[in-house]
Enquirer: 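My questions all concern the structure below.
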Amino acid sequence: MVSEDKRRVLDPESDAAALKALTHPLRIRLLGLLRMEGPATASELAVVTGESSASTSYHLRVLAKYAFVAEAEQRDGRERRWRAVHEVTTWSHRAMDAAEGGHVFVNTMRRRQVEHLEESLARYEGDLAEGRLGQEWLEPSGISDLMPRLTPESLTELWRTFEEKLEELTAHDESDPRAAQVILFTAGLPLAPRTPGAQHAPSAAREDEQRTSSAPDAEGTA
């Protein structure tokens, strides 16, 4: 589990302006890039995103205003470098459900996560095809869409167990030179029964021996 000092917990009441600021697509992407790739300048991020440096600089300043990013250690005095303040952003689904505009924020973040999955899959396939990833990654990597039947209590326990194991393995591999950054997506989405006459749910398209994962019951994570 990510330590508390590395988590940004958003409250829909006290952080209403921050929530609104973060829903901008480019700001979400810039924050994600700083978390994944480390500190960067507005110009460097402009190259990656295809935006102008003026645009990335403006949106980084907005993120800094609401404490999502901060100035990083400078390599020289020519251009400001930025870093992500936290590793993850979380919130309470119950609090968001009760707040005005909470649904819009949560849905925007979820859609961006789906887009990130598509981008990550394309990057993974390209890295594998062009030899940037070794064959040792072929077997353990992949996507699974299991469909278990669970109670709310069991889903909560699954999240907790997953996070604890992930924390353990991350600490274990920290100093191993073979360790690589892994983009790990998790979802646990209960579905209500379909009404009579509705189409049947699709069967699961599961890869053999793939790993599944999830995220905390009472919180969302981005």
Side-chain angles (χ1 to χ4, degrees), residues 1-11 15 17-91 105 108-124 126-127 130 132-134 137 141 163 166-167 169-186 213 215 219-222:
M1 184 180 296
V2 177
S3 61
E4 290 302 315
D5 62 323
K6 296 181 180 180
R7 297 163 67 93
R8 172 72 182 275
V9 181
L10 295 175
D11 177 80
D15 295 317
L19 291 173
K20 185 176 180 181
L22 190 58
T23 55
H24 190 283
L26 181 55
R27 291 173 200 155
I28 297 173
R29 189 175 183 196
L30 291 174
L31 180 57
L33 285 169
L34 290 176
R35 287 176 174 171
M36 185 166 62
E37 307 290 350
T41 67
S43 296
E44 290 168 342
L45 291 168
V47 173
V48 176
T49 61
E51 301 286 336
S52 68
S53 57
S55 178
T56 55
S57 179
Y58 167 76
H59 289 294
L60 285 166
R61 291 196 301 272
V62 174
L63 289 170
K65 177 181 178 181
Y66 295 105
F68 290 108
V69 305
E71 287 192 46
E73 182 179 349
Q74 305 300 314
R75 289 181 299 198
D76 54 50
R78 290 179 298 176
E79 190 171 7
R80 183 182 299 176
R81 298 178 79 233
W82 299 93
R83 63 176 177 85
V85 175
H86 306 93
E87 290 184 5
V88 298
T89 304
T90 69
W91 55 86
F105 173 79
T108 297
M109 299 306 290
R110 284 174 175 166
R111 294 297 177 268
R112 175 53 194 150
Q113 287 174 316
V114 171
E115 291 171 0
H116 187 203
L117 172 58
E118 293 177 343
E119 293 166 0
S120 299
L121 178 59
R123 179 174 171 180
Y124 161 76
D127 287 344
E130 296 176 23
R132 289 186 293 270
L133 280 176
W137 288 105
S141 58
E163 284 204 335
L166 180 59
E167 181 180 17
L169 294 173
T170 300
H172 177 272
D173 292 350
E174 184 175 9
S175 59
D176 193 324
R178 299 174 304 141
Q181 185 177 66
V182 176
I183 305 300
L184 188 61
F185 286 86
T186 58
S213 53
E219 295 182 342
T221 307

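Here, residue 1 is the first one in the sequence, and each next residue gets the next number.
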Enquirer: Suppose we screen for salt bridge (charged side-chain N to carboxylate O under 4.0 Å, His left out). Which residues come up paired with Glu118, at least two apart in sequence or across chains?
Expert: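 Salt bridge (charged side-chain N to carboxylate O under 4.0 Å, His left out) list for Glu118, sorted by chain: empty.
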Enquirer: Rounded at 0.5 Å granularity, tell me how far CG in Leu60 sits from CG in Leu31.
Expert: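 Nearest 0.5 Å value for the CG-CG distance: 9.5 Å.
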Enquirer: Would you check if the side chain of Gln74 reaches a backbone N or O of Ala72 as a donor-acceptor pair within less than 3.5 Å?
Expert: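 Looks like yes, one N/O pair under 3.5 Å.
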Enquirer: Could you tell me the separation between the NZ atom of Lys20 and the CG atom of Leu22, rounded to the nearest 0.5 Å?
Expert: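 So the NZ of Lys20 and the CG of Leu22 are separated by 13.5 Å.
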Enquirer: Mind listing the closest non-hydrogen atom pair of Leu45 and Ala40 along with its distance?
Expert: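 What the structure gives for the nearest pair is CG-CB, 4.0 Å.
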Enquirer: Please name all residues satisfying side-chain contact (heavy atoms from CB on, under 4.5 Å) with Asp173, sequence neighbours left out, ordered by chain then number.
Expert: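 Ala179.
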Enquirer: Please list all pairs meeting ring-ring contact (aromatic ring centres under 6.0 Å, His included) that have one or both residues in residues 20-54, counting only residues at least two apart or in different chains.
Expert: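 Non-adjacent pairs meeting ring-ring contact (aromatic ring centres under 6.0 Å, His included): His24-His59.
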Enquirer: Does any N or O in the side chain of Arg35 come within less than 3.5 Å of the main-chain N or O of His86, such that one atom is a donor and the other an acceptor?
Expert: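 Yes.
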Enquirer: I need the Ile183 CD1 to Leu117 CG distance, nearest 0.5 Å.
Expert: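 So the gap between those two atoms works out to 10.0 Å.
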Enquirer: Are side-chain heavy atoms of Leu19 and Asp11 found at a separation under 4.5 Å?
Expert: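 Of all side-chain heavy-atom pairs linking Asp11 with Leu19, none is under 4.5 Å.
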Enquirer: Could I get the full list of side-chain contact (heavy atoms from CB on, under 4.5 Å) partners for Ala54, not counting sequence neighbours?
Expert: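 Ala54 satisfies side-chain contact (heavy atoms from CB on, under 4.5 Å) with Ser52 once adjacent residues are dropped.
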Enquirer: Quick one: are Arg8 and Asp15 in side-chain contact, heavy atoms under 4.5 Å?
Expert: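 A side-chain contact under 4.5 Å exists here.
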Enquirer: Output all residues satisfying side-chain hydrogen bond (donor to acceptor under 3.5 Å, both in side chains) with Tyr124, sequence neighbours left out; order by chain, then residue number.
Expert: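 Tyr124: side-chain hydrogen bond (donor to acceptor under 3.5 Å, both in side chains) contacts with Ser141.
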Enquirer: Is the shortest heavy-atom distance from the side chain of Arg112 to the side chain of Glu115 under 4.5 Å?
Expert: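 Touching, per the 4.5 Å side-chain cut-off.
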Enquirer: For Arg132, enumerate each residue passing the salt bridge (charged side-chain N to carboxylate O under 4.0 Å, His left out) test, keeping only those at least two apart in sequence or located in another chain.
Expert: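 Residues passing salt bridge (charged side-chain N to carboxylate O under 4.0 Å, His left out) with Arg132: Asp127, Glu130.
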Enquirer: Taking CD in Gln181 as the centre, count heavy atoms belonging to other residues, nucleotides or ligands within less than 6.0 Å. Is the count above 12?
Expert: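 Enclosed.
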Enquirer: Can you check side chain to side chain contact (heavy atoms under 4.5 Å, CB included) on Leu10 and Tyr66, steps first, answer last?
Expert: CA-CA 11 Å; Leu10 295 175; Tyr66 295 105; over 6 Å; no
Enquirer: Could you walk me through whether Leu63 and Leu34 satisfy the side chain to side chain contact (heavy atoms under 4.5 Å, CB included) test, starting with their C-alpha distance in whole Å, then the side-chain angles of each, then the deciding distance to 0.1 Å, before giving a yes or no?
Expert: CA-CA 12 Å; Leu63 289 170; Leu34 290 176; 5.8 Å; no
Enquirer: Where is the tightest heavy-atom contact between Thr56 and Ala42, given as atom of each residue plus distance?
Expert: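 In terms of heavy atoms, the two residues are closest at OG1-O, 2.8 Å.
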Enquirer: Measuring only between side-chain heavy atoms, which start at C-beta, is Leu30 closer than 4.5 Å to Val69?
Expert: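 Of all side-chain heavy-atom pairs linking Val69 with Leu30, none is under 4.5 Å.
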Enquirer: Once side-chain contact (heavy atoms from CB on, under 4.5 Å) is applied, do any residues pair with Thr41, and if so which ones, sequence neighbours excluded?
Expert: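 Checked Thr41 against side-chain contact (heavy atoms from CB on, under 4.5 Å); matches are Ser43, Glu44, Glu79, Arg81.
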Enquirer: Could you pull out all residues at least two apart from Arg80 that satisfy salt bridge (charged side-chain N to carboxylate O under 4.0 Å, His left out)?
Expert: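 Listed in chain order: Glu71.
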Enquirer: Could you tell me which residues satisfy ring pair (Phe, Tyr, Trp, His ring centres under 6.0 Å) with Phe68, sequence neighbours excluded, listed by chain and number?
Expert: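 Applying ring pair (Phe, Tyr, Trp, His ring centres under 6.0 Å) to Phe68 gives none.
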Enquirer: With Arg83, which residues qualify under side-chain hydrogen bond (donor to acceptor under 3.5 Å, both in side chains), at least two apart?
Expert: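 Here no residue qualifies.
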Enquirer: Using ring pair (Phe, Tyr, Trp, His ring centres under 6.0 Å) as the criterion, list what pairs up with His116, not counting sequence neighbours.
Expert: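 Testing His116 for ring pair (Phe, Tyr, Trp, His ring centres under 6.0 Å), a comparison that skips the adjacent residues, returns Phe185.
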Enquirer: May I ask you to test the Arg27-Tyr58 pair for a side-chain heavy-atom distance under 4.5 Å?
Expert: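 With C-beta onward as the side chain, the pair touches.
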Enquirer: My understanding is that only residues two or more places apart in sequence, or in another chain, count here; which of them pass side-chain contact (heavy atoms from CB on, under 4.5 Å) with Thr23?
Expert: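 Result, side-chain contact (heavy atoms from CB on, under 4.5 Å) vs Thr23: Phe105, Thr108.
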